[in-house]
Every structure is written in structure tokens, then in C-alpha cells.
Amino acid sequence: MSYNFKEIEKKWQKYWEEIGLFSVDNKDRSKSKYYCLVMFPYPSSELHVGHARNYIIGDAVVRYKIMQGYKVLSPMGWDAFGLPAENQAIKHNIPPRVWTYNNIRRIKQQLNSWGIGYDWKREVTTCEPSYYKWTQWFFLKLFEKGLAYKKKAEVNFCPSCQTVLANEQVINGQCERCSAEVVQKELEQWFFKITAYAERLLEDLKLLEHWPERVKIMQENWIGRSEGVEIDFSLKGKDFKIRCFTTRVDTIFGATFLALSCEHPLAGELIKDSPNFQELKKFVEKVRNQPKSARLQESFEKEGVFTGKFAINPMTGEEIPVWLANYILTEYGTGAIMCVPAHDRRDYEFAKKYNLPIKEVIKKLKANSKDLEPVYEGEGVLVNSGNFSGLTSAEAKEKIALYMEEHNIGKRAVNYKLRDWLISRQRYWGAPIPIVYCKECGIVPVSEKDLPVLLPENVEFKPTGESPLNFVEEFLKCECPKCGQKAQRETDTMDTFVDSSWYYLRYISSQDNEKPFDSEDVNYWLPVDQYIGGVEHAILHLMYSRFINKFLYDLGLVDFKEPFKRLFTQGMIVKDGAKMSKSKGNVVSPDYIIDRYGVDTMRLYILFMGPPQKDAEWQDEGLTGCFRFLKRAFRLLELVKDLKLKPQSSISQPQSSEERDLLKKLHFTIKEVTQDMEGDFQFNTAISKIMELVNEIYKKIQSPHFKIQINTLTEAIKTVFLLLAPFSPHIAEEAWRILGGKDSIFKEKWPEYDEKYLVEEELELAVIIKGKVRARVKVAANISEEELKNKVLSLEKVKHHLKGESPKKVIYIKNKLVNIVV
RNA sequence: GCCGGGGUGGCGGAAUUGGCAUACGCGCCGGUCUCAAAAACCGGUCCUGCUCGUCGGGAUGCGGGUUCGACUCCCGCCCUCGGCACCA
């Protein structure tokens, strides 16, 4: 009986499809549900083994949960809108739709050939009108609630992709996709008001017990909540005030100047009568033209110009100069800050350069002679701070804030780093924003009944920096939904992250033409029990999805606050120390692996190569080990045939110590493998334990004293394949039938262990003297401590190692070891 | 700079959470089978010393500490990978 993997794989894939193993309805609710979601792919090119890990992990979970008796939902779809399709189209003159669908076809075929189980009747494709109709519908809902708005904004623009990028898509001042240097541009853009949900997005992270800590921390940092005080600084000779946000109000007595960002709304008003107006104007101009990316350079130098104006420090009454400075962020806080050079490195740098006063107001609690730093940024005790001197920073923050509120100087405030989500894209291949511009009525939303706003085909989309749809007359011209007059459509399309922020809901009602999803069904299936995907989505996709979910919660369309109960982020597969990518030429294609070793070997190796949440180095040689193992396991079946065994289920009393051993190993393996599955998906150790069980079976049957009941042996072999089924399903299904199984192995229950086989009667303990194992001793499990000590001390080896010294103490750790202290 | 992950044989990686370090797999060495090779199977494989044993010493990035006992806990460093980065 040879292991003909090619035949086996085809046969069972066809069978699973025929019996609809992964097809589930929304109606029957007799079983517990389990929604296992794998992040859907962007269909750009065919998948390599690095991508495969994601789907294989998901499939292992799905099959395991099916065997545990859950009603498992495992859907798949395509994140099909996006830039690469359009770039390809420009380059090779293939319509984006054609390119995208070719890729979808190929990837789908790959997933099927790997035996990954999906309920394909729920398939969604975000570039289909039946899908983006609802993406547009969500836009209308957000617009209705004032959460989608348009504003002129300084935006990140990629000159290579000729489009606007979200802050999140700018990495080190470069475009996330093409690495071109991003520039600033001022454009009218659509935003989603995600900041309205900042507090809840932060607060509800607490509900996500089963998310990796690091992902939650990343989101927390991204939201970037900080508490502080907004202080109004009066200006000498002006009748308006400058408001500053600070988290360190305890340092207010050390504030020796103010600094405003050049784009500060009051900057113009402030400097219009300054004697050095020309200089100031030039400076503002210069800063405006500085690309944001330059700020990230190490060499970026703080610069500023004195406005000639003075503000009053409300606590000291001192007149302090007001500056315009290039290091003040317009978008954060109030765009103006009070500067405390003694206790802020940046302010210090600036003060040194322009010779501004530095006044120490915080003393470190435990001063250290090693402290040579001119700037102390930590907390401590206040000095030179009037009535507040002597307080600790924490106390002072409280008391000064109170004082300011009482005297109308300032009030407590909270700030977030999170920005609103810029969703406009000046590109073709995306969902059109359902908005119409009318001369009479202004910005008018398309009515729901007119959705979808169809994306026209056959469009000339050269990158011009303008939306390609601008040049499509039939699209552009329309009637105003309000007054019926001639009007124009919005020609920007939506960021693809909008598409992917709700796809997991559409799977539930993928065929519904009346609404985006059926709330009742969605409330049954969701929240997602297990979400699986790469860490690269830790911030963007997961934050946007959480936001949209909360919005739907507020609309009463879903009854859960968070969409994903558990999150698993798998590590990357690297080759030669680098991420697999076509440009690096280090991609491993699954095809030749499958041809040589089969799908089950590939799946097994990918799961065996290391803990799935960590990055792992691909080694072709590793495959051979898994291939050998599968062949070896398969050969066990010959044994059953040779011995003319028929699978039976009952086992009588074990008849030999070999048999007892084997049963123990068997039940121990079940226990351990199940634990590994239930834990953090420790497939690698689960598989190694199944390997051990197979090794043990071979060892036992090769033992000269081999005396074993056939039922025990069959039971052991059956268990090997049951445990293996989630990882290498095809060989497991084949083996199951050879062993006499009538129905699919996936209709079989996941094995359970019996504690009675795990009870030890005799133990082998290690005897440790001076930190090393010096002897081993076999004792009855119920031996008394006294008895054991006597036995151990009488051992020849122990006496030898003690060399006449008498032991100070003998420590017995039950079932483990004996430590003799001298 | 801040936050987080990690550092264990020639390699991928285990270690019941403070209790026998190096499971499982790869590679390598030796053997069986073969005209031969492949496949398969059996045995060996952390380093080191010697009197080659049921022997001794050393080893989990480095240096200290707690403990009968530390890969695991504490303190101080080094390296590496990821995230954020002038956020007041």
C-alpha cells in the first residue's frame, strides 16, 4: 500500500465538495455556532507559501472545530478594489476588472487544491455592484449622521500613484505601496469622523480579552489619548487669547515663551502689525513648502521667528515672547504650546538656539550624581512655583488645574493622536462616492433607491492627479436628487479600507439585494469567534472595522460592540532572512512542493515549522521530514491489514506492560494535542506529539515481547489519523476509510482521553546532587516520603557522590525528582 | 527617544510556567538491504577532558542577585526584529 497522495487528494477534495462539508445555513440553530474568519486576500498575484500559512491555519481551526461538533462558518471573498489593479492596467493595458478576475480565478483554484474548506456560496467580491452598493449605502448612513464630511485639507499625496494617501498609508514619509516620497497637497477631501469614536475605540479594547496584547497596545498608541489642560494666554495689546494644550501643567511656572504653528488660525491676525512682518511671512511660506517627510529626518532643525508680541503667563504674570516655530504640529492639540525649556528637550533646543530664558521648576526626587542632562523631563517636586512649590508633579497637576478652572484661566481637556479617516481617492478602481454637486442645493447625497452608483467600464485612466471619472461624461452628468436640475457627480472613489471594514458581515447575507445584511442572522453568527490574519493589519483594518461596527451598533443594526472576539496574528514566513517577495526573488511556489510531496506534506510542514504567531524561516529540507512522517504513518495501515484486524471499539484490560505503555502514550497524546489546539494554536508541538505517538507504536510492535490486543493497536492507529485530520486532511480521510470508517472522518468526534490510563503506578525519579542528575530511581507512585528518602540514600551511586558527607536536606518534588542538599 | 516581541546544538525549534535543558524534525556520521543508487529501516550526534565510564567539568546573549533548585523570577547591560515617532 503506497501513499499515492495525488490520487488521494483529488478524490477527497471532490468528495468534501459533494457532501457540502463546509456549507452551512443560517437557519438551523441546534448546534453551537463557530465563525472562523481568515482575512480575505487582495487578489494581486498567485499565492506563495508565505500567504498559504494564513489559510492553512484557518483550515486547521475549522476542521478541528467541526470535529468538536460545532456548526462552523468558514467563508472567503476578495478585497478586489485597489491601486495595483489600476497600475497593472495602465502598464499592460488590461482592464482592472479582467486582471482582478483572472487573479481571483487562479487563487481560488489554489485554495481549493490545498483542500482549504470554504462555504463558497457566501463568496463576496468587493468590486461587484451587488457589494459596493452597500459600501455606498454605509457612506450615506455616515453622511446622514454627520460622520462623513468634506473639508479642504493638507493631504498626503503620492506623486507616483497620483493619489491621496491616508496618514496610515504613509510610512516614514513614503508611500506604503510604491515607496515614493510623499508630498503635501491641499485638496477638498471626504473624511469619516472616526475621532468621534476615539474614546470608545480605546475603552472597548478592554473587552478584547483574546486579542494579542501587542495589537491592543499598538491600537492604544495609535489612538494616543492624553489628559491635560487647555490654558488661555492673554496677549499684550491684543484682544484675543492664544489657547495652548499641555499635559504638564505642573511646569507652567517654567513656561518662558509661547510657540505657534505657522498654520495656526490666529497666526495671521497676530503678525499682521509686527515690525518684522516680511520676515515672518517668508518664514511661514518656507515652512509651508517643507514636505512633512523632511520633518522625519534626523537633521531636521528647529527654527522660528519672534512675532514681536508678548503673552502673559497667567501664573507668574510675566510677559513671555510669542514665536512662530516649525516644530509645532497644527493638527494636534490647539496648534500652539507653552514652552518650558527646562523640562522639554525640544523647547530646550529651541531656547538655546534663540537665547530664550530657561527656568527650572521641577526637581528630581532622588537626584543622582550621574544626571548631567540639562533637561529633566520626568516628574518630581515643584520649585520656583509660588504657592505650589513643594508639591509633587502629580499633586500640582491636580491643584493647578483646579486653580485655573476656578479663575477661568484654563480647563482640563483630553487630546487624541487619532485623526479622522480620509477616504477620498483620486482613482478609478474603487467604489464611487455617492454624492452629487448641485449649483442650487450644494452637496447632495444620492438617494438610497438609486444605489449603486455604478462604476463605468471602458474608462481611460491615465494618472493625471485628477480622478479618472472626471473625464467620463456619462458618469459625471446627472440630475440633482433634490431639485432635478443638472448636476455633477463626485468623481473620487473610496479608500479600499472602507470596502474591507464590513465584509465579514456581508458573508452572512451575501445574496441579499434588499439590505447589506440581515441583522437577525448577523446577531446569530457574530461576533466572529476567531479572526486570523497578519499583524500588518493590527492598526488600520482592525481599527476601521471596529469603528464601522460601533457605528452599526449605534444604528441598532448589530447588537455586539466588537466584531472580532478572538484575534490571531500569524507570523511571516521568511526566506533567506527576508520577507518573501517577487522583487527579492525569494518566493517559494507551492506548485512544485505539491507535485513532489503532496498538499498534506506542505500543510503539515507549514504548521510544523514553528509557533504560528512567530516568523519562521522556510527550509525546503524541512518538507522531507513531514513527508517521511506521513508515509510512515500511512504504513501503519498495512499493519492492520496484515494482522487481519477489523476496527473495533472496545478495549478490555491491557494484558502486558507494553500495552499499558501504549495506552498511556495514546491518551497522553490526545490530552496534549487537544491542549495545544485549545491554547494559542500550538500546531508545531501538537504535530511533534503525534510523531512521538507514531514512533511509540513502531517501537512497541518491534519489541520482542510484543503482546498486545489488536483493538488497542487499531485504536492507537485510528487516533493518529483523527488527531492528524485538521492538519493533513486528505491522508486522514483515506486512512479512515481503510480502517473501516463509513462516513467522513470529519463527521467523527474529536478523540477524548481517559484519565485512568494516565495514572502512574511506578515512577522514575531523578536524583539530584549538587545541581546535577546523579542517579535514577524507580519507585511506586504512592511511596511515602520517608520511605523514598531511605531508599534514595541507600543507593550506591548516591553514596558515591556524597563521599561520606551527610545530607543537609532532602527535598522531594512529587512525581518529579529528589534533590539532596549537602 | 518611547512601546512591544525575541536571543537555547550545525539548522527549524521543545521545556508541564521555578523542578531531569536540548522533545520533535532537518542535517551529519555509521550500519542493514542493493551490482549500484534512491527509498526504507536500525544505531549515534550540545561542548569538553580523561583512566572512554553507570566517569568528571562546562553550557540557554553578557554581568550580578534571589532560591535546595533559574532558559523561566529580580537588578544592570549587549544584540536583534517590529510598531510609533517634534503628539507638547
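We use all heavy atoms of the structure for the numbers below, so side chains are in, but hydrogens, waters and symmetry mates are not. In what follows, every chain begins at residue 1, and chains take the letters A, B, ... in the order their sequences are listed. This one's a predicted model, so the numbers in the text were calculated from it and none came from an experiment.
- Base pairing analysis places B/G43 opposite B/C29; the two distances defining the Watson-Crick or G-U wobble pair are each below 3.5 Å.
- Put simply, CG on A/L765 is 21 Å from P on B/C68, counting in whole angstrom units.
- Nucleotides B/C73 and B/G83, compared at atom C1', are 28 Å apart to the nearest Å.
- Residue order along RNA chain B, read from the 5' end via each residue's closest nucleotide, puts A/M691 first among A/M218 and A/M691.
- In this structure, A/K302 and A/K816 both approach RNA chain B, and ranking their closest nucleotides by distance from the 5' end singles out A/K816.
- Neither side chain, A/E379 nor A/S393, offers a donor N or O lying under 3.5 Å from an acceptor on the other.
- When the P atom is compared between B/C77 and B/A85, the two are found 27 Å apart, to the nearest whole Å.
- In this structure, B/U17 is classed as syn because its glycosidic torsion stays within 90° of zero.
- Rounded to whole Å, the C1' atom of B/C46 lies 10 Å from the corresponding atom of B/A21.
- Note on A/Y605: every side-chain N or O is 4.0 Å or more away from OP1 and OP2 of B/G25.
- Counting any heavy atom pair closer than 4.0 Å across all strands shown, A/N819 reaches a base atom.
- Taking side-chain N and O atoms only, A/N221 has no distance below 4.0 Å to OP1 or OP2 of B/A85.
- Nucleic acid contact class of A/N684 (heavy atoms, under 4.0 Å, all strands): sugar-phosphate only.
- When the nucleotides B/C20, B/C24, B/A88 are ranked by their closest atom to the side chain of A/N695, B/C24 comes out on top.
- For A/W222, taking side-chain heavy atoms from C-beta onward, the closest of the listed nucleotides B/A85, B/A88, B/G12 is B/A85.
- Spacing of P atoms, B/U66 relative to B/C11, comes out at 34 Å, to the nearest Å.
- If you run side-chain contact (heavy atoms from CB on, under 4.5 Å) between A/H343 and each of A/E360, A/R248, A/K359, only A/E360 comes through.
- For the OP1/OP2 pair of B/C20 and a distance below 4.0 Å, the side-chain nitrogens and oxygens of A/R774 include no atom meeting the criterion.
- Taking a pair to require two hydrogen-bonding distances under 3.5 Å in either a Watson-Crick or a G-U wobble arrangement, B/G9 remains unpaired.
- The P atoms of B/A14 and B/G61 are separated by 15 Å, rounded to the nearest whole Å.
- What separates CG of A/L817 from C1' of B/A21 is a distance of 13 Å, to the nearest Å.
- Screening A/N54, A/D615, A/I606 against A/I573 for a side-chain contact (heavy atoms from CB on, under 4.5 Å) leaves a single residue, A/I606.
- A straight line from NE2 of A/H537 to C1' of B/G83 spans 15 Å, rounded to a whole angstrom.
- Side-chain atoms of A/K789 never come within 3.5 Å of backbone atoms of A/V818 as a donor-acceptor pair (strictly under, hydrogens ignored).
- Distance noted for atom C1' between B/C20 and B/G69: 12 Å (whole Å).
- Proximity note for A/I813 (side chain, C-beta onward) versus B/C24, B/C68, B/G19: the nearest is B/G19.
- Pair assignment for B/G76 gives B/C62, based on Watson-Crick or G-U wobble hydrogen-bonding distances that are each under 3.5 Å.
- With a 3.5 Å ceiling on both atom-pair distances, B/U54 lacks any Watson-Crick or G-U wobble partner.
- Base pairing annotation: B/C71 forms no Watson-Crick or G-U wobble pair, as no partner gives both donor-acceptor distances under 3.5 Å.
- When the options A/M602, A/K575, A/H48 are evaluated for a side-chain contact (heavy atoms from CB on, under 4.5 Å) with A/V588, the one that passes is A/K575.
- For B/G9, the base is syn relative to its sugar; the glycosidic angle is within 90° of 0.
- Here the side chain of A/Q619 is nearest to one of B/C11, B/A88, B/G27, namely B/C11.
- Rounded to whole Å, the C1' atom of B/G30 lies 42 Å from the corresponding atom of B/C78.
- Phosphate contact (OP1/OP2 of B/G25, side-chain N/O of A/T624, threshold under 4.0 Å): absent.
- As a whole-Å value, the separation of A/K809 NZ from B/U67 P is 11 Å.
- A/Y354 and A/F350 have tilted rings, their planes meeting at an angle from 30° to 60° on a 0 to 90° scale.
- Between A/K614 and B/G5 there is no side-chain polar atom (N or O) within less than 4.0 angstrom of OP1 or OP2.
- Across all strands shown, nothing is found opposite B/U16 as a Watson-Crick or G-U wobble partner with both distances under 3.5 Å.
- A pairwise comparison of heavy atoms in A/F253 and A/V361 identifies C-CG1, 3.7 Å as the closest pair.
- Inspection of the A/Y332 and A/S261 side chains reveals no N or O donor paired with an N or O acceptor under 3.5 Å.
- In this structure, A/K302 forms a cation-pi arrangement with A/Y327, its terminal cationic atom sitting closer than 6.0 Å to the ring centre and no more than 45° off the ring axis.
- You'll find a donor-acceptor pair under 3.5 Å spanning the side chain of A/R776 and the base of B/C20, going by distance alone.
- Of the candidate nucleotides B/G13, B/A88, B/C24, B/G13 has the atom nearest to the side chain of A/P611.
- Nucleotides B/C74 and B/A23 have their C1' atoms positioned 29 Å apart, rounded to a whole Å.
- Nearest nucleotide to the side chain of A/R632, out of B/C24, B/C42, B/C68: B/C42.
- In this entry the distance linking CD1 of A/I252 with C1' of B/A88 reads 12 Å, nearest Å.
- Among the nucleotides B/C41, B/A88, B/C24, the one closest to any side-chain atom of A/R635 is B/C41.
- Base pairing annotation: B/C2 forms a Watson-Crick or G-U wobble pair with B/G83, both donor-acceptor distances under 3.5 Å.
- Counting to the nearest Å, the P atom of B/C84 and the CG atom of A/L418 are 14 Å from each other.
- Between the CG atom of A/D347 and the P atom of B/A88 there is a distance of 12 Å, rounded to whole Å.
- In this structure, A/R345 does not reach the B/C2 phosphate: none of its side-chain N or O atoms is under 4.0 Å from OP1 or OP2.
- Counting non-hydrogen atoms under 4.0 angstrom, A/I217 reaches the backbone sugars and phosphates but no base.
- We find that CD1 of A/I606 is positioned 20 Å from P of B/G25, with the value rounded to whole Å.
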